[in-house]
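What follows is a single structure, written as structure tokens, with notes after it.
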Amino acid sequence: MLNSYLRRSLGQIRRVSDLSSKKWKLPAGHPTNVDVFNRLADDTVNLVTNFPNSCNWYCCGPTVYDSPHLGHACCYMQFDLIRRILEDVHGINVIMLMSITDIDDKIINEANKRASHFQEVALQYEQEFFDSMSKVNIKPPSLSLRVSQHIEDIIQFISKIINNGHGYVADDRSVYFSVDNFPRYGKLSPAQEPETAAGKQSNRDFALWKAAKPGEPYWDSPWGRGRPGWHIECSAMASKYFGSSVDIHTGGIDLLFPHHENEEAQSCAYHGCDQWVNYWLHSGHLHLQGQEKMSKSLKNTVSISTFLEEYSPDHLRTLCMLVPYRNGIEYSRDVMTNATSVYSKLNNFLSDCDAFIRGVGPKPIVNDGILLKELQRAQENIRNCLSSDFNTNGAMTDLLNLMSRTTSELNSRSEGLQNTSFSVIAIANYVKNLLGKLGFFANRQIADQSTQVDDILQASLNLRTSVRGLALSNSMPSESREVKKSLLTACDVFRSDLKNLGIEIKDRANASTWTFSTSRKQG
Ligand SMILES: [Zn+2]
């Protein structure tokens with residue numbers, strides 16, 4: 001299997017080297033088991049990292065001037081899935097840095113509206129951003145970097161770009177990047193309409209340092225009072241920690257131009273290299289049916305808290321898994337109904353396996369040989385999917401196929417076979433572990449840490465089963481009709497109380513089992 005992988009990788013490396021003279025060069029580093037789409041190679045290529053079994057990843061973070069919405073959650077959820085695939089499926093040590101833009105026109109405007117300091121606004125929304133991401137179980141970055149805490153690094157970065165002959169100081173003491181002086185500009189995106197501004201030598205030039213306007217916050221610099229341009233922040237901060245080569249750099253597709261184009265140009269100008277980022281990954285947008293993009297400016301946002309009133313973080317994760325990360329996601333009632341139904345299938349499957357393993361309900365005789373073959377096939381297919389540009393939707397299809405074949409075996413009545421339950425335990429274990437690695441069942445993992453929770457719940461259910469059995473049996477005298485009714489009502493109230501706590505009871509033929517609810521809004 002390793003040999004076939006190496007053959008595939010070497011073939012690919014040969015193929016890619018044909019392209020390398022153009023926009024992208026295969027890095028001279030350490031091949032991984034993962035292939036990834038690279039827009040500069042216009043192909044899916046092997047992920048080669050700078051250091052063995054390690055991946056440095058810079059992610060453009062939020063500009064903190066307002067509350068995050070579902071569009072942000074989807075974008076960071078897609079990258080969270082990719083990060084977990086690298087870390088927990090492929091065992092790669094991912095070091096993720098995320099920028100926090102805490103000085104910007106929009107933050108200044110918001111602070112002026114409130115008559116408060118810009119950092120007060122920024123801190124409030126930064127906190128809200130990380131709280132919201134945590135609520136949907138998106139892992140925090142290894143390190144988050146505030147622009148306002150890296151001003152000295154940014155000034156040093158700009159000075160070197162000027163010294164290298166790629167930047168100039170304008171009459172108003174702003175500093176611009178000279179695009180005409182940098183032949184490799186435009187490698188990420190086709191030429192676009194440039195922004196015009198007084199003081200620039202060419203319309204295509206962009207600001208590295210913005211001279212302060214009256215009343216604006218500022219820092220002192222060799223060129224006068226001002227603040228960093230947006231693009232330079234990421235180049236300077238990423239270079240401070242990762243140096244002259246970044247393995248992966250991510251952001252929403254709207255950041256491709258001008259933000260990432262400018263980041264790449266100014267970083268290459270600083271480091272004197274042709275390729276700063278080896279793999280640019282862009283996620284598609286979340287948009288409402290028939291609309292372009294969910295954004296504050298279009299006033300069509302859905303807040304994360306509104307979403308969580310109806311759905312769970314795992315529903316959002318399912319939705320993001322069902323769509324390739326590079327595609328946009330159309331948010332509608334129908335797609336959420338589909339995501340909810342897929343997530344219920346996962347939960348019901350694990351609950352049915354659990355009932356089978358515990359011997360609750362009818363006990364069919366399953367064919368271990370058939371099921372273990374299905375498991376092996378699914379494991380290979382899913383691993384291939386998760387190695388091929390993070391094909392989460394393909395992996396989900398294979399997982400659902402494995403579950404459906406297992407369910408049909410559980411429902412069959414094979415005869416003449418010894419029943420060991422081994423294959424069902426193996427499949428349930430695989431499904432649960434895989435979904436856990438992909439970030440599902442965060443609440444369940446907390447409960448799993450305390451095996452007592454499981455035991456206490458099961459003991460309570462056993463008591464309820466006995467009480468219910470007694471109430472439904474004919475052993476009680478008929479004059480106890482009222483007592484029987486009260487006992488059944490108490491059993492129903494117990495079930496309803498647990499449902500409100502997120503635990504669902506399933507009454508089966510001769511016993512009851514429990515599972516975590518699939519929706520927040522139940523009962
Ligand atoms: Zn950025």
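Both ligands and their constituent atoms are indexed starting at 1 by order of listing.
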message: When you measure from the Zn ion (ligand 1) to the N, O or S atoms of His249, does any of those distances fall below 2.8 Å?
response: no

query: Can you name the nearest heavy-atom pair linking Asn38 to Asn278, along with the distance?
result: ND2-O, 3.1 Å

- request: Please determine if Arg227 forms a cation-pi arrangement with Tyr218, meaning its NZ or CZ atom is less than 6.0 Å from the six-membered ring centre and no more than 45° off the ring axis.
  value: no

query: So, for Leu288 and Asn300, which heavy atoms are closest and what is the spacing to 0.1 Å?
result: CD1-O, 3.3 Å

- prompt: the Zn ion (ligand 1) is nearest to which N, O or S atom of His259?
  reply: NE2

task: Measure the acute angle between the ring planes of Tyr343 and Phe440, then classify it against the limits of 30° and 60° as parallel, tilted or perpendicular.
output: parallel

- request: Write the atom name of the N, O or S atom in Glu263 that is nearest the Zn ion (ligand 1).
  value: OE2

- request: May I ask you to check whether Cys234 brings an N, O or S atom to under 2.8 Å from the Zn ion (ligand 1)?
  value: yes

